[in-house]
Amino acid sequence: MIRFSDVTKSYNDDVVIKDISLLIEKGELAYITGPSGAGKTTLLKLIYAAEKPDKGQIVVAGWDIGKLKQSTIPYLRRNVGIVFQDFRLLNNKTVFDNIALALRIHDMHPKEIKKDVNAVLKEVHLSHKSQIYPQHLSGGEQQRVVIARAMVSKPTVLLADEPTGNLDDKTSDSIMDLFREINAIGTTVLLATHDTSLFQGTGRRVIHIKNKQIAGEEIG
Ligand SMILES: Nc1ncnc2c1ncn2[C@@H]1O[C@H](COP(=O)(O)OP(=O)(O)O)[C@@H](O)[C@H]1O
Ligand SMILES: [Mg+2]
């Protein structure tokens, strides 16, 4: 589902990722971890085509990222949902509209949009908050809306960058449960975190990056 072959990426002249090869299978839920500055966010951005590799090949859901035309990127992004810290909710729109916006740009019929938004709200256990504005939600609820927005286009891959960064332990646990539920319906899930407590005891694959390279793997 996601394959890196000898991928190198630098910013200006600083190499951030060097000759990384990696395979994430369809249906996996895996973690990328490493210290701050290790390149976790960059790795996710490469998958999402927000950055291009300098060298090597990246294939995501059948697309060769390095060869994508600008006009094809929206099609990739219907298939790759993202939960990134810098993609905030719009405070002047309701929960429903924040999620619907992701579909409106796809030119869908309003009836279809309503059906899909309500279905995804149910999945994230927020049906009762549909008409609420984001600033009236707790941090955990806001994160659920962000996840719903990423899931509404039914992506085959879901990427999340430090998804529990601003949440307390109990709320983090429930967000991690949600990622497991999303994975259980067949979505490939890749989570980047520096927080080792998120994957300890999960029995899932954990990929460590350090010094620009994959430093090893373990089962969490
Ligand atoms: N847009 C950018 N321009 C220049 N340097 C960047 C940019 N994004 C990240 N970096 C640098 O790349 C390195 C890896 O960053 P990042 O991928 O954000 O790591 P992590 O998510 O593991 O903390 C850091 O040294 C960071 O300063
Ligand atoms: Mg990061």
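Positions are given from 1, in the same order as the sequence printed here. Numbering of ligands and ligand atoms starts at 1, following listing order.
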May I ask you to check whether T41 brings an N, O or S atom to under 2.8 Å from the Mg ion (ligand 2)? yes

Side-chain contact test, heavy atoms from C-beta onward, threshold under 4.5 Å: evaluate it for D19 versus K55 and give yes or no. yes

Using 0.5 Å steps for rounding, measure from the CG atom of D54 to the NZ atom of K9. 5.5 Å

When hydrophobic residues are tied together by side-chain contacts of less than 4.5 Å, even through go-betweens, does L43 share a cluster with V15? no

Can you tell me the protein heavy atom closest to atom 19 (O) of ligand 1 and the distance? G39 N, 3.1 Å

Does G34 come within less than 4.0 angstrom of ligand 1, counting non-hydrogen atoms of the residue? no

Just to confirm my output: which protein heavy-atom neighbour is closest to atom 12 (O) of ligand 1, and how far is it? V16 CG2, 3.4 Å

K26 atom NZ, neighbour heavy-atom count above 12 within 6.0 Å: no

Which of the numbered atoms in ligand 1 are under 4.0 angstrom from any heavy atom belonging to S36? 23 (O)

If you count the non-hydrogen atoms of other residues, nucleotides and ligands that lie under 6.0 Å from NE2 in H125, is the total more than 12? yes

May I ask whether P35 places a heavy atom under 4.0 Å from ligand 1? yes

Hey, can you tell me if H208 and F199 have their rings parallel, tilted or perpendicular (30° and 60° cut-offs)? perpendicular

Looking only at protein heavy atoms, what sits closest to atom 24 (C) of ligand 1 is G37 O, 3.9 Å

For atom 21 (O) of ligand 1, grab the closest protein heavy atom and report residue, atom and distance to one decimal in Å. T41 OG1, 2.8 Å

Which of these, D161, T42, N12, has its nearest heavy atom closest to atom 16 (P) of ligand 1? T42

Does atom 27 (O) of ligand 1 have a protein non-hydrogen atom under 4.0 Å from it? no

For atom 1 (N) of ligand 1, what is the nearest protein heavy atom, given as residue, atom name and distance? Y11 CE2, 3.7 Å

So for atom CG, which belongs to N211, do other residues, nucleotides or ligands contribute more than 12 heavy atoms lying within a distance under 6.0 Å? no

Within one Ile-Leu-Val-Met-Phe-Trp-Tyr cluster: L68 and I2, side-chain cutoff 4.5 Å: yes

